[in-house]
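A short worksheet on the structure shown next.
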Amino acid sequence: MKIDQQQLGGLYTIFETLPSGLLIYDHDENVIQMNSRAKELLKIPLQKSIQTLRDLPDYLVELRILLQNAEEDIPRSEINLLFPEAAETSTIGFSMKHIRLEDTVAQARIFVFNDITHIVRDRRAMDKIKEELYQSKKLASIGTMISGVAHELNNPLTGISMSTQLTRMTLKAALKKLDENGNGDPRVRGALEKALQELDKTDREAKKASALVSELLNYSRPSKMTLTLENLSRVIEEMVQALKSHPDFSPIRFEIQPGPAELEVLCDRLKIEQVFYNLFKNAVDATGGKGTIRISFHETTEPRENRHMLVVNVADEGPGMDKTILARIFDPFFTTKGAEGIGLGLSISYRTIEQHGGQITVDSEKGKGTVFHVALPVFEEDEILI
Ligand code: ADP
């Protein structure tokens, strides 16, 4: 049975004043009511008559399919709609209910909706902020732990080093005594020489451990920054030029889309070069030393402080990463490269970029390559150089 607008009675006027979009239609796809707000949200001219779902414009095909197939109530959901004329995508939050209209036996469906694009955007920004906060807190607490452990290790290592030196001196003195007393028992001499060799091994291992401890201390106590104004695009171009003659990088093709030449960032050039070196090296490792690394730039606005940012994208054609790996790549000592990797590159890069007031993020999917995005604040004319 077809329901008409008259059957909606006084509700008709109420629907018109609603702040949400409202669409009521029956099972034969006849539109019973579509308020002006619905047309406005769906970018349909107010004068256009929508008698059936088939009258909806072509760009709403996904919405049409959703409306046609909604056999059950949908309490709360979202759909993304692309509006080609405005060249924008909006997120529509909606609920859908099957209703029986008064004085009729026929069923209708009521679709109530609103544009929630800004809410989704804010929600995403919030999630990103939370993730960044979590990552920096994690790095800070790991840094504190590393520093504590490294200090604790320093004392016993100094002790080992002193003992090996003392024992070496004692053994050498004993060997000298043997020589002075006319060679003595060759088995005693052999044992002393063997002990000296073992001592050298202990010393070498202790030195390795000391080197690791100082690396850990460096990690937990990063050195001061020396800031200069740099054209990031030029810094990277110069780096790439220099890397082309490096044996690890020579088989790789670099493709650079130069960035805006007028934009400068205030940075510690050496540290920033270290970050990009890490990213390039990881890309080389991921692609087995072949393929193309694509570097491009874009500008964006950081939502928290509304800062103008310059973003460098570093894309490779490697195997990409799955979610479990992606979740851990910025953790210190996380590596999938076995003995070849230390797992500090990305963790240090993350901290360096954070120290510069920027962010480093990554898009990667198994089988689809990887893109790292490094965002740094653009130096604005009105900022005062310290
Ligand atoms: P390392 O290079 O010593 O392993 P990193 O911190 O630089 O340490 O990287 C950590 C891990 O992140 C790597 O072991 C690898 O699993 C992953 N990774 C980093 N960059 C890429 C990339 N471009 N493609 C695939 N995996 C990557």
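Atoms within each ligand, like the ligands themselves, are counted from 1 in listed order. In this text the structure is predicted, and so the values were computed from the model without any measurement.
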- Message: How far is atom 20 (N) of ligand 1 from the closest protein heavy atom, and which atom is that?
- Response: N282 CB, 3.3 Å
- Name the one of F254, F276, F249 that satisfies side-chain contact (heavy atoms from CB on, under 4.5 Å) with V240? F254
- Note on the structure: Paired with H373, the side-chain contact (heavy atoms from CB on, under 4.5 Å) test is passed by just one of D363, V312, I360, namely D363
- Message: With rounding to the nearest 0.5 angstrom, report the CG to CD distance, L266 to E230.
- Response: 9.5 Å
- Item | F330 and ligand 1 - part of the residue with a heavy-atom distance under 4.0 Å | neither
- Message: Heavy atoms only: which of V362, I329, V371 lies closest to atom 17 (C) of ligand 1?
- Response: I329
- Hphob cluster co-occupancy, I44 + L67, side-chain heavy atoms under 4.5 angstrom: yes
- Message: Aromatic contact between Y25 and F111, with the criterion being ring centroids under 6.0 Å apart: yes or no?
- Response: no
- Compute the minimum heavy-atom distance from G318 to ligand 1 and say whether it is under 4.0 Å. no
- Message: Can you confirm whether more than 12 heavy atoms, excluding those of E62, are under 6.0 Å from its CD atom?
- Response: no
- Per-atom contacts of ligand 1 with G341, taking only distances under 4.0 Å to non-hydrogen atoms: 3 (O)
- Message: Quick test: of every protein heavy atom, which one is nearest to atom 10 (C) of ligand 1, and how far off is it to 0.1 Å?
- Response: F334 O, 3.3 Å
- Looking only at distances, please establish whether an N/O atom of ligand 1 is found under 3.5 Å from an N/O atom of L346. yes
- Please indicate whether any nitrogen or oxygen in T335 is less than 3.5 Å from any nitrogen or oxygen in ligand 1. yes
- Query: Which word best sums up how the rings of F330 and F372 line up, parallel for under 30°, tilted for 30 to 60°, or perpendicular for over 60°?
  - Reply: perpendicular
- Task: Would you indicate whether the side-chain heavy atoms of F83 and S90 approach each other to under 4.5 Å?
- Result: yes
- Message: Are any of the N/O atoms on M321, whether in the backbone or the side chain, positioned under 3.5 angstrom from an N/O atom of ligand 1?
- Response: no
- Item | Protein heavy atom at shortest distance from atom 16 (O) of ligand 1 | T336 OG1, 2.4 Å
- Close N or O approach (S347, ligand 1; < 3.5 Å): no
- Task: Kindly indicate, with the supporting measurements, whether the criterion side chain to side chain donor-acceptor pair (under 3.5 Å) is fulfilled by E237 and S233.
- Result: CA-CA 6 Å; E237 277 173 58; S233 175; 3.2 Å; yes
- Task: Please tell me if the side chains of F280 and I236 come closer than 4.5 Å, counting only heavy atoms from C-beta onward.
- Result: yes
- Heavy-atom nearest neighbour of atom 23 (N) of ligand 1 within options D316, D331, T370: D316
- ligand 1 atoms in contact with A286 (distance to a heavy atom under 4.0 Å): 22 (C), 24 (N), 25 (C)
- Task: May I ask you to identify the nearest protein heavy atom to atom 8 (O) of ligand 1, giving residue, atom name and distance to one decimal place in Å?
- Result: G343 CA, 3.2 Å
- Task: Measure the distance from atom 2 (O) of ligand 1 to every protein heavy atom, then report the residue, atom name and distance (to 0.1 Å) of the closest one.
- Result: K337 NZ, 2.6 Å
